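Below is one structure, written out as structure tokens; the observations come after it.
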Amino acid sequence: MATTIQSDIRSALHVATSTILSRGGGGGGGGGTRRAVAVCSFPIRRTKSSLRLRAFFSSSSSSSNDAVLKSQEKPPICTADELHYVPVSSSDWKLALWRYRPSPQAPPRNHPLLLLSGVGTNAIGYDLSPESSFARYMSGQGFDTWILEVRGAGLSVQGSNAKEIKQSANERSRQMEAASKSMTNSAFPVEPQSTNSTIAFAESETFAVKEKESETMTVKGDTTGMATVWDESRLVMKLTETFMRLSERLSGFLSEGQSKIMSAKLFDQISRLLVDSQLSGRFNDIRDKLLGLLETRQNSSIASQIRDLSQRIVNIIDEGQISVSPPLFDLQERFVSTIEDFQKQLDLIVKYDWDFDHYLEEDVPAAIEYVTAESKPKDGKLLAIGHSMGGILLYSTLSRCAFEGRDSRFAAIVTLASSLDYTSSKSSLKLLLPLADPAQALSVPVVPLGTLLAAAYPLSSRPPYVLSWLNNLISAEDMMHPELLKKLVLNNFCTIPAKLLLQLTTAFREGGLCDRSGTLSYKDHVHKGNVPILALAGDQDLICPPEAVEATVKLIPEQLVTYKVFGEPGGPHYAHYDLVGGRLAVEQVYPCITQFLTQHDSAEDVQIKHSIPGGP
């Protein structure tokens, strides 16, 4: 079974590659019918002691320093009442926060509620439709509800000012919606594609990494294969630039060992172009000299030597182009393609340079600070719910705060299908462990989960159902309306950095999930906190089975944790996403969570005043 699924994963990857390359599609997307006021928030300035934020309200009560946005300016894919952006220290990321205002008819609550999604997912999973919306349900119960989209997910963008951020968010929304329609209407070929194609469609799924300069890189060969002097100079420049980037360790993005792996990979690719020719020996001499230079601290002398050696490589390619040997036919064009693909790979490594600890140490704290500043609970705390990786982030926050002697600022938390240690379970995610090789992560620096699942969806939902097992990973039989399942698959998933997967795979090894250094096991300190926890599991969850959830629950003092498994022997059953969007969640799961949060929301004289957009 495991071999079959791994083979299916490869087939689905080929399908995604073919589709995205042929159509140039984007990431997950989708739409909604809810029309609401759009609100965006951006930073004014940052001081050492605090982060000052400026909000943009479409309300006459806004101060004169606030910009007014019309409701149609909110990205159409966002179905929340408001869309806020919060800056992240030490980066240019602006995290999207979807806000659902509490119902004025509901009882007032003391704390805001923060929702965290799973790995490679966006806010849509919490708001699939008006009838199946966890976020809207909780706001209807009186909670000021916020959904965080971490860096790289959903409508989170990179930008330096309000105009730039708004443009990026709207463009991202259009990409997501267009990709969803493209995947729905596509024919899905299954021919295998190369690793380079995988990188290409990973890039096209997200914002463009950088403008391709293929028009200046392309070598126009004539019948004799001779390149122009201008083409040759551009090749030398590009090759020199590539080696210099490796010498600089990509400005800190690659470790010394990783840089060596990448350098060796490029040289191997060039060597294969010259295989079995008299030129390969000359190239190997240059290769040895370049490897020595790349390990030396960069200076102007080394830069000059790298350029000279790059020129010698291009000269070898020129000689090979006019060779009568058939294997060297179109050598220049193949060489250019090799350099372009390699540079694209370096760009992806730089663009997707984050792991789990970036979420834990930067994204989640920024969201907590912002939400509490906006909602103003008198005790400065908030409630939080995390699904899958979102719950892992909550557990890890409790553990890290206990280890460092800090207050987590949580009044209570709820985890849905989450664990810090999967070793005792038969989680289907163990099939991803072969990807936990650092060299593999450099070869394929991102996993375009959104494109992969969207392209594979027809093969799981239409005869002959060759990927039907995918549906069971997401939802149990008859637990999710087919249209909602389709929307979830096509719209909810994003691209995942390999660095993030590398860290998460430690949860499948002895000791459980560790920090990036490997010295701190998050499960070792989770028992030291004092925050009430509700841990929920689904009886047919193949991704995070009940035994995995229970493994973490057992680490927490009994008086602090409540554990419940949803699903009955004779049905209904709950898979991984049924706790959030299953057809019975609104009747069984949501009330259970509401009861728990209500119990731990009470605080003497601490209430959030319901604020209506446009009101006082």
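Every value quoted in this text rests on a predicted model; they were computed, and no experiment measured them.
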If every non-hydrogen atom of A402 is compared with every non-hydrogen atom of G529, which pair is closest and at what distance? CB-N, 4.4 Å

Do the charged groups of E149 and R172 touch, with an N to O distance under 4.0 Å? no

Mark yes or no for whether N492, through its side chain, and G125, through its backbone, hold a donor-acceptor pair below 3.5 Å. yes

Is D144 salt-bridged to R109, going by a charged N under 4.0 Å from an acidic O? no

Which is it for W98 and L155 under the side chain to side chain contact (heavy atoms under 4.5 Å, CB included) test, yes or no, and what are the steps along the way? CA-CA 9 Å; W98 297 35; L155 296 176; 4.0 Å; yes

How far apart are the closest heavy atoms of Y422 and I543, and which atoms are they? CE2-O, 3.7 Å

Hey, can you tell me if F566 and Y574 have their rings parallel, tilted or perpendicular (30° and 60° cut-offs)? tilted

Just by distance, with hydrogens left out, do D578 and H573 show a side-chain donor and acceptor under 3.5 Å apart? no

Before you tell me yes or no, could you show the steps for R516 and E361 under salt bridge (charged side-chain N to carboxylate O under 4.0 Å, His left out), namely the whole-Å CA-CA distance, both residues' side-chain angles and the distance that decides it to 0.1 Å? CA-CA 11 Å; R516 69 169 64 96; E361 298 168 357; 3.7 Å; yes

Is Q595 atom CD crowded by more than 12 heavy atoms from other residues, nucleotides or ligands, each under 6.0 Å away? no

Say whether, by atom type as modelled, one donor and one acceptor occur between the side chain of T121 and the main chain of F493 under 3.5 angstrom. no

May I ask you to decide if L542's main-chain N or O and S428's side chain share a donor-acceptor pair within less than 3.5 Å? yes

Considering all heavy atoms of both residues, which atom of C494 and which atom of G154 are nearest to each other, and what is their separation? SG-N, 3.6 Å

Assess whether a salt bridge exists between R583 and D478, defined as any Lys/Arg side-chain N lying under 4.0 Å from an Asp/Glu carboxylate O. no

Test item: T397 side-chain N/O and L393 main-chain N/O as donor-acceptor pair under 3.5 Å: yes

Got a sec: does the CG of N530 have more than 12 other heavy atoms crowding it under 6.0 Å? no

Under the 3.5 angstrom rule, does the side chain of Y126 hit a backbone N or O of L116 as a donor-acceptor pair? yes

Indicate yes or no for a side-chain donor-acceptor contact from T372 to the backbone of K381 under 3.5 Å, with no hydrogens or angles considered. no

Do the side chain of Y577 and the main chain of A476 share a donor and acceptor less than 3.5 angstrom apart? no

Between S419 and A548, the two heavy atoms sitting closest are OG-O, 2.7 Å

Between the main-chain N or O of Q105 and the side-chain N or O of S103, is there a donor-acceptor pair closer than 3.5 Å? yes

Is the Y370 ring parallel, tilted or perpendicular to the W146 ring (thresholds 30°, 60°)? perpendicular

Geometric class of the Y590/Y137 ring pair [parallel <30°, tilted 30-60°, perpendicular >60°]: tilted

Short side-chain to backbone donor-acceptor contact, S388 and G118, under 3.5 Å: no

Can you tell me how far the CG atom of L113 sits from the CE atom of M138, to the nearest 0.5 Å? 5.5 Å

Pick from D355, D357, D353: which one makes a salt bridge (Lys or Arg N to Asp or Glu O under 4.0 Å) with K499? D353

Any side-chain to backbone donor/acceptor pair from S418 onto L416? Under 3.5 Å, distance only. yes

